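A quick note: this is a predicted structure, and the numbers were derived from the prediction, not measured. Residue numbers start from 1 in every chain, and the chains themselves are labelled A, B, ... in the order their sequence lines are given, proteins ahead of strands.
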2 protein chains.
Amino acid sequence: MANIKEIARMAGVSVTTVSRVLNNHPYVSETKRTAVLKTIKKLNYTRNMNAVHLITGRTHAIAVIIPNINLFYFSVIIEGLAQEALLAQYRLILCQTDYRHEEELKVLEMLRNKEIDGVVIVSTRMSSEVIDDYTAYGPIVICQDRGERRFSSVYIEHYSAFRSGLQYLHDKGYEQIGYCEGRQHGSSSSIRQIAFSDFLAATGQPFQEEWMMYNCMNEEDGGRVLHQLLKMKNRPNALIITGDHVAAGLIIEAWKNGIRIPEDLAVIGFDDQPIGRSLGLTTIDNQLPEMGVTAFRIIYDQIQNNDSYPVHRKLDYRIIERSTV
Amino acid sequence: MANIKEIARMAGVSVTTVSRVLNNHPYVSETKRTAVLKTIKKLNYTRNMNAVHLITGRTHAIAVIIPNINLFYFSVIIEGLAQEALLAQYRLILCQTDYRHEEELKVLEMLRNKEIDGVVIVSTRMSSEVIDDYTAYGPIVICQDRGERRFSSVYIEHYSAFRSGLQYLHDKGYEQIGYCEGRQHGSSSSIRQIAFSDFLAATGQPFQEEWMMYNCMNEEDGGRVLHQLLKMKNRPNALIITGDHVAAGLIIEAWKNGIRIPEDLAVIGFDDQPIGRSLGLTTIDNQLPEMGVTAFRIIYDQIQNNDSYPVHRKLDYRIIERSTV
DNA sequence: GCTTGCTATGGAATCCATTTCATAAATTAG
DNA sequence: CTAATTTATGAAATGGATTCCATAGCAAGC
């Protein structure tokens, strides 16, 4: 109800002085300062932040584009992001777009509209060209590896992470390796597929279409994969699975069906998820929380310094050896 | 850069007419409309949404207070909430407060500041009195059962859900029932504890402190609980566990230690989580996605109708019978 | 022919804080 | 004792839309 003008009138000062008190500006006498504070309290006044946003051109909010929060991979990144945003007193607008192009675009439009100060893109199907068009309006950071572009990125080297997983299996003596892949047309999927065929080529093995399992998203898919394996005449003796929860579903189904792990089937997962820890699953940790944290920090720095020079930050991965290989 | 005034000047119309075009107001002639649209395109104009928010007093944003997104219980609620928000073209501001009182208050202050149009509180430690103080500033809905208050709620009857879980075990012939509880001082924990002791009283059983397991939050805690059980001289033959992931950790550890489920130990969980499905875990489904969806709809209705009459909506639960009881 | 009602348009007020600029008093420096 | 700072204060411009109100042309109703 009350606005800065009314406070000024009642406290017998100018609006400028009230604004100074509100923003802790030093050049206000102690008498006036207390008078203003008293009036503010009396009228139960707070700033209308929309006016502040309008005049300052900043909203202290960033948006994050994500297909779905209820997937471990994403929720962990968001957790880190949200933690950092809280620390920096920034608002985090969650945009669960399910890869829908028009919704993803709407978020970038928010940047143009000045509704937000920056955008973190965790996963998208948008082309780099489309995103490039919006870099003029504010910092954008993407959690994918896209090479050099006009926007910043934080990424894991999926190629080498995947290759080192394969190499690990190979070093342990497994030669027949199958691959359970997540979202078939994800950006990292294609990189991993290349890593996979490069590995096969390097070790002189043929590509077996039967040993490729597509669209493995959750525990149930893992279970389904095990039954696929059971039907095969020529089975792989090791599996590399992108996502520990898929691996978990598979391992549980394996136990139920008397398949010994790793004796009959070795399994290596990704992302070091809690359920994998319980199962003793060997996995490749991708430092996902770090991803969210880093993404926020990049955005934050760019907002603070009004700097649009793109930054690229590579995160490390590491193999966590447990008992499924 | 460009604003509505400039568009008006260039298109040779008034700002009012431009605003009308922008808002699809019918009373604009076709000639002027196209002139305006052409100018908008030419100058690559978009509205400054902060100005719109200021003048309209609405932001089309709601905030959600949540301790941590990376917990299944919460992330599922958020998923539903985010889906509905997207449909209604609302922004969802994620406030991961980790139960910190000052942070939770800041979110309510955002409502007073007019930064947001409403608040969904998924879980909080704030007292109803504190929340009541903010209902004057906009709709608030809480996902907890707090009896009749000045703000709306969506809730599960934890008491009866828990009792029916116990009853189910009892009907199946289990008499020695232990209880793994989540966050010890959560609002639903105390209700469940009452349900538990009421049940014991009703069936004439004594309360066994040893059979109460506190602070079971994740898979590892479930594993830990199993080892606690192994050490007991007098073991329960059934366990009711709030949270399927805790139950999952326990079941996996049971398998490793040769405890047969349900023969040696029956287990009933809560929330119907994916990992539980793989394990064949009997569980009580609390319709969590529905919770988020409903919470949003309540807020949305109240915003639309400028209606602050509190609504209370109870969600159903149901037992999903699988093979651990 | 006169009253309504609808279409079309624009001027000006409004939302509310920040910030630049101008001014003046009080210090400090030299 | 004058010049240069520092402190303190307020008027007015600014950010960029929406909307109330006034005006006017035109068609329909009686």
Side-chain angles (χ1 to χ4, degrees), chain A residues 1-37 39-40 43-61 109-117 137-138 306, chain B residues 1-37 39-40 43-61 109-117 137-138 306:
Chain A
M1 310 274 128
N3 59 24
I4 200 173
K5 221 163 155 183
E6 205 173 337
I7 301 290
R9 202 168 38 76
M10 286 199 60
V13 299
S14 70
V15 291
T16 314
T17 301
V18 178
S19 178
R20 287 203 181 97
V21 173
L22 252 22
N23 295 288
N24 294 314
H25 190 283
Y27 290 172
V28 181
S29 66
E30 213 39 57
T31 34
K32 300 218 169 179
R33 165 164 274 121
T34 51
V36 168
L37 289 175
T39 316
I40 285 176
L43 295 195
N44 189 27
Y45 165 83
T46 20
R47 274 187 277 214
N48 182 323
M49 290 310 285
N50 295 134
V52 178
H53 296 161
L54 174 60
I55 192 94
T56 60
R58 287 275 167 80
T59 58
H60 284 255
E109 281 294 328
M110 285 169 67
L111 191 61
R112 200 154 87 98
N113 286 337
K114 296 185 183 292
E115 271 187 89
I116 49 174
D117 295 348
Y137 306 112
N306 213 5
Chain B
M1 310 275 128
N3 58 25
I4 200 175
K5 221 163 153 182
E6 206 173 334
I7 301 292
R9 202 169 37 77
M10 286 197 62
V13 299
S14 71
V15 290
T16 313
T17 300
V18 178
S19 177
R20 288 205 181 96
V21 172
L22 252 22
N23 294 290
N24 294 314
H25 190 284
Y27 291 172
V28 180
S29 65
E30 213 40 57
T31 33
K32 301 219 169 179
R33 164 165 276 120
T34 50
V36 168
L37 289 175
T39 316
I40 286 176
L43 296 195
N44 188 28
Y45 165 84
T46 21
R47 276 187 276 214
N48 182 324
M49 288 311 283
N50 295 134
V52 178
H53 295 162
L54 174 60
I55 191 97
T56 60
R58 288 275 167 82
T59 57
H60 284 254
E109 281 295 327
M110 286 168 66
L111 190 61
R112 200 154 87 96
N113 286 338
K114 296 184 182 292
E115 272 187 88
I116 49 175
D117 295 347
Y137 306 112
N306 214 7

Considering only heavy side-chain atoms of Val13(B), the closest of dA11(D), dA8(D), dG10(C) is dG10(C)
From CG of Asn24(A) across to C1' of dT18(C) the rounded distance in Å is 15 Å
Original post:
Does Lys32(A) place a side-chain N or O at less than 4.0 Å from the phosphate oxygens OP1/OP2 of dG10(D)?
Top reply: yes
Arg9(B) CZ to dG10(C) C1', in whole Å, measures 17 Å
| N or O in side chain of Arg33(B) less than 4.0 angstrom from dA8(C) OP1/OP2 | no
Quick note, Val28(B) side chain, CB onward, closest among dC16(C), dT18(D), dT9(C) is dT9(C)
* Answer yes or no: is there a donor N or O on one side and an acceptor on the other, between the side chain of Asn23(B) and the main chain of His25(B), under 3.5 Å? => no
**Study point:** Donor-acceptor contact present, side-chain Asn50(A) to main-chain Asn50(B), <3.5 Å
**Key:** no
With the side chain defined as heavy atoms from C-beta on, Leu54(A) is closest, among dG16(D), dA17(C), dA17(D), to dG16(D)
At less than 4.0 Å, is any side-chain N or O atom of Ser14(B) found next to OP1 or OP2 of dT9(C)? Yes or no. no
Assign each of Ser19(A) and Val15(B) the nucleotide of DNA chain C bearing its closest heavy atom; nearer the 5' end lies the nucleotide of Val15(B)
*Can you tell me if the side-chain N/O atoms of Thr17(A) get under 4.0 Å from OP1 or OP2 in dG10(D)?*
yes
Taken to the nearest whole Å, CG/Leu22(B) to P/dT19(D) is 12 Å
Does a side-chain N or O from Asn23(A) land closer than 4.0 Å to OP1 or OP2 of dT18(C), or not? yes
Strictly distance-based, threshold 3.5 Å: is any side-chain N or O of Thr46(B) a donor or acceptor partner for the main-chain N or O of Asn113(A)?
no
Between the side-chain atoms of Thr56(A) and the base atoms of dG15(D), is any donor-acceptor pair under 3.5 Å? no
So, is Arg20(B) close to the dT18(D) phosphate, meaning a side-chain N or O under 4.0 Å from OP1 or OP2? no
Quick one: does Leu22(A)'s side chain get under 4.5 Å of Tyr45(A)'s, heavy atoms only? yes
Atom NZ of Lys5(A) and atom P of dG10(D) are separated, to the nearest Å, by 15 Å
Can you find a side-chain donor-acceptor pair between Ser14(B) and Thr17(B) that sits under 3.5 Å?
yes
**Request:** Kindly say whether Glu115(A) contributes a backbone atom to a donor-acceptor pair with the side chain of Thr59(A) at under 3.5 angstrom?
**Result:** yes
Review point. Side-chain N or O of Ser29(B) less than 4.0 angstrom from OP1 or OP2 on dA8(C)?
Key: no
Of dA12(C), dC21(C), dT18(C), the nucleotide closest to the side chain of Thr16(B) is dA12(C)
Quiz prompt | Side-chain N,O (Tyr27(B)) to OP1/OP2 (dA8(C)) below 4.0 Å | solution = no
Taken to the nearest whole Å, CG/Leu43(A) to P/dA17(C) is 12 Å
To the nearest angstrom, the CD-P distance between Glu115(A) and dG15(D) comes to 20 Å
Sorted by position of nearest nucleotide on DNA chain C, 5' first, the leading residue of Ala51(B) and Pro26(B) is Pro26(B)
Atom NE2 of His25(B) and atom P of dC20(D) are separated, to the nearest Å, by 10 Å
Asn50(A) atom CG is separated from dT18(C) atom C1', nearest whole Å, by 15 Å
